[in-house]
Amino acid sequence: MIVKKSKHLTNSEEDLMEIFWERNEPLTSVEISDISADRSWNGNYVHMMLRSLLKKGMITVCGSVQYGTQYARQFIPSLSREQYAAKLVMSKGIKKNSIAAVTVAMVNEADETNGEELIQQLEEIIEELKSKGAKEE
């Protein structure tokens, strides 16, 4: 899944993706309209955003649910919030050899109070990457 430069999300599309990521379950356009009642999104606008997100590869159709006499497609995200953020950062010109520096900057920005837990997570990731690299050789 590649999010290209020309396929950045609009603010509303990002808001819609946040709904998908927070809910972590398949959603229909009807459910999205109900969830986003506090926004000024009408049914047509929700459908337009869903079509755009499908075209950009951000969501996929995973099933359908019957509403009265009609069926509504269910959608799920194609990538996680973290995967999208990584693709967004990489699209800003960050090169592969700068990933470590970006990671350090993100850790500093997060102002992590439980540094030991974060270090443990990073060590686990490093070990996973090392074992993955050894398998490829």
Side-chain angles (χ1 to χ4, degrees):
M1 175 59 42
I2 297 175
V3 179
K4 297 178 183 169
K5 279 188 180 185
S6 62
K7 298 196 178 184
H8 284 296
L9 301 182
T10 65
N11 290 339
S12 292
E13 289 171 342
E14 279 193 12
D15 288 347
L16 180 49
M17 287 304 299
E18 287 294 334
I19 291 171
F20 278 111
W21 291 322
E22 287 170 11
R23 287 296 179 122
N24 197 27
E25 63 185 2
L27 296 172
T28 65
S29 60
V30 174
E31 293 165 331
I32 292 167
S33 293
D34 290 345
I35 293 166
S36 62
D38 60 331
R39 294 178 173 91
S40 62
W41 300 347
N42 64 31
N44 288 335
Y45 188 65
V46 170
H47 283 282
M48 184 186 76
M49 285 193 298
L50 289 171
R51 277 192 305 275
S52 178
L53 290 173
L54 276 168
K55 187 176 180 181
K56 292 176 180 181
M58 293 295 297
I59 59 174
T60 57
V61 177
C62 66
S64 62
V65 176
Q66 189 170 1
Y67 284 99
T69 59
Q70 297 184 349
Y71 287 87
R73 295 182 297 172
Q74 292 180 305
F75 304 92
I76 56 171
S78 299
L79 55 149
S80 69
R81 178 186 284 125
E82 294 79 12
Q83 290 169 319
Y84 173 66
K87 297 214 181 283
L88 202 56
V89 168
M90 298 302 278
S91 76
K92 298 293 183 187
I94 301 297
K95 303 295 181 215
K96 203 170 188 176
N97 59 358
S98 299
I99 291 174
V102 170
T103 303
V104 170
M106 289 177 68
V107 168
N108 289 336
E109 188 68 28
D111 193 32
E112 186 68 40
T113 54
N114 189 355
E116 284 300 315
E117 183 180 325
L118 181 60
I119 290 169
Q120 179 63 37
Q121 289 175 346
L122 290 172
E123 287 174 344
E124 288 170 10
I125 291 168
I126 290 168
E127 287 305 314
E128 184 180 319
L129 291 172
K130 284 180 179 178
S131 67
K132 182 177 160 184
K135 288 178 187 174
E136 291 176 358
E137 291 177 5

*Asks:* If Ile, Leu, Val, Met, Phe, Trp and Tyr residues are connected whenever their side-chain heavy atoms lie under 4.5 Å apart, and connections chain through other members, are I35 and W21 in the same group?
*Replies:*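 Looking at the clustering, W21 is in the same group as I35.
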*Asks:* Which distance, rounded to the nearest 0.5 Å, do you find between the CE of M58 and the CG of L9?
*Replies:* 4.5 Å
*Asks:* Return the minimal non-hydrogen interatomic distance between L79 and G57, and the atom names on each side.
*Replies:* CD2-O, 4.0 Å
*Asks:* Are L27 and V61 linked, directly or through other ILVMFWY residues, by side chains that come within less than 4.5 angstrom of each other?
*Replies:* yes
*Asks:* Which class fits the ring pair F20 and F75: parallel under 30°, tilted 30 to 60°, perpendicular over 60°?
*Replies:* perpendicular
*Asks:* By the salt bridge (charged side-chain N to carboxylate O under 4.0 Å, His left out) test, which pairs, at least two apart or in different chains, include something from residues 65-81?
*Replies:*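 For residues 65-81: E18-R81.
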*Asks:* Kindly compute the distance separating CD (Q83) from CG (L88), expressed to the nearest 0.5 Å.
*Replies:* 13.5 Å
*Asks:* Enter the distance from S36:OG to L16:CG here, rounded to the nearest 0.5 Å.
*Replies:*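 Between atom OG of S36 and atom CG of L16 there are 7.5 Å.
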*Asks:* Okay, side chain of Q70, backbone of A72: is any donor-acceptor separation there less than 3.5 Å?
*Replies:* no
*Asks:* Hey, are the side chains of E127 and S131 touching, using non-hydrogen atoms and a 4.5 Å cut-off?
*Replies:*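 No, too far: nothing below the 4.5 Å cut-off.
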*Asks:* Which pair of heavy atoms, one from L54 and one from T60, lies closest together, and at what distance?
*Replies:*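 Looking at all heavy atoms of both residues, the shortest contact is CD2-CA, 4.1 Å.
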*Asks:* Less than 3.5 Å apart, which donor and acceptor atoms pair up between the side chains of residues 42-51 and the rest of the protein, not counting sequence neighbours?
*Replies:*
from	atom 1	to	atom 2	distance (Å)
N42	OD1	N44	N	3.0
N42	OD1	Y45	N	2.7
Y45	OH	S12	OG	3.1

*Asks:* Please report the C-alpha distance between E124 and Q120 in whole Å, then the side-chain angles of each, then the deciding distance to 0.1 Å, and finally whether the side-chain hydrogen bond (donor to acceptor under 3.5 Å, both in side chains) criterion is met.
*Replies:* CA-CA 6 Å; E124 288 170 10; Q120 179 63 37; 3.1 Å; yes
*Asks:* Please step through side-chain hydrogen bond (donor to acceptor under 3.5 Å, both in side chains) for the pair Q74 and S64, ending with a clear verdict.
*Replies:* CA-CA 5 Å; Q74 292 180 305; S64 62; over 6 Å; no
*Asks:* Is there a donor-acceptor contact under 3.5 Å from the side chain of E22 to the main chain of I19?
*Replies:*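 No.
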*Asks:* Salt bridge or not between R23 and E31? Use side-chain N to carboxylate O under 4.0 Å.
*Replies:*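 No.
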*Asks:* Would you find more than 12 non-hydrogen atoms of other residues, nucleotides or ligands less than 6.0 Å from D34 atom CG?
*Replies:* yes
*Asks:* Rounded to the nearest 0.5 Å, what separation is found between the CD1 atom of I59 and the CG atom of L53?
*Replies:* 5.0 Å
*Asks:* If you take all heavy atoms of I76 and C62, which pair is closest and at what distance?
*Replies:* CG2-SG, 3.6 Å
*Asks:* Could you check whether atom CD of E128 has more than 12 heavy atoms from other residues, nucleotides or ligands sitting under 6.0 Å from it?
*Replies:*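 Open.
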*Asks:* What distance do E14 atom CD and H8 atom NE2 have between them, rounded to the nearest 0.5 Å?
*Replies:* 9.5 Å
*Asks:* Within a reach of under 6.0 Å around OH of Y67, are more than 12 heavy atoms found that belong to other residues, nucleotides or ligands?
*Replies:* yes
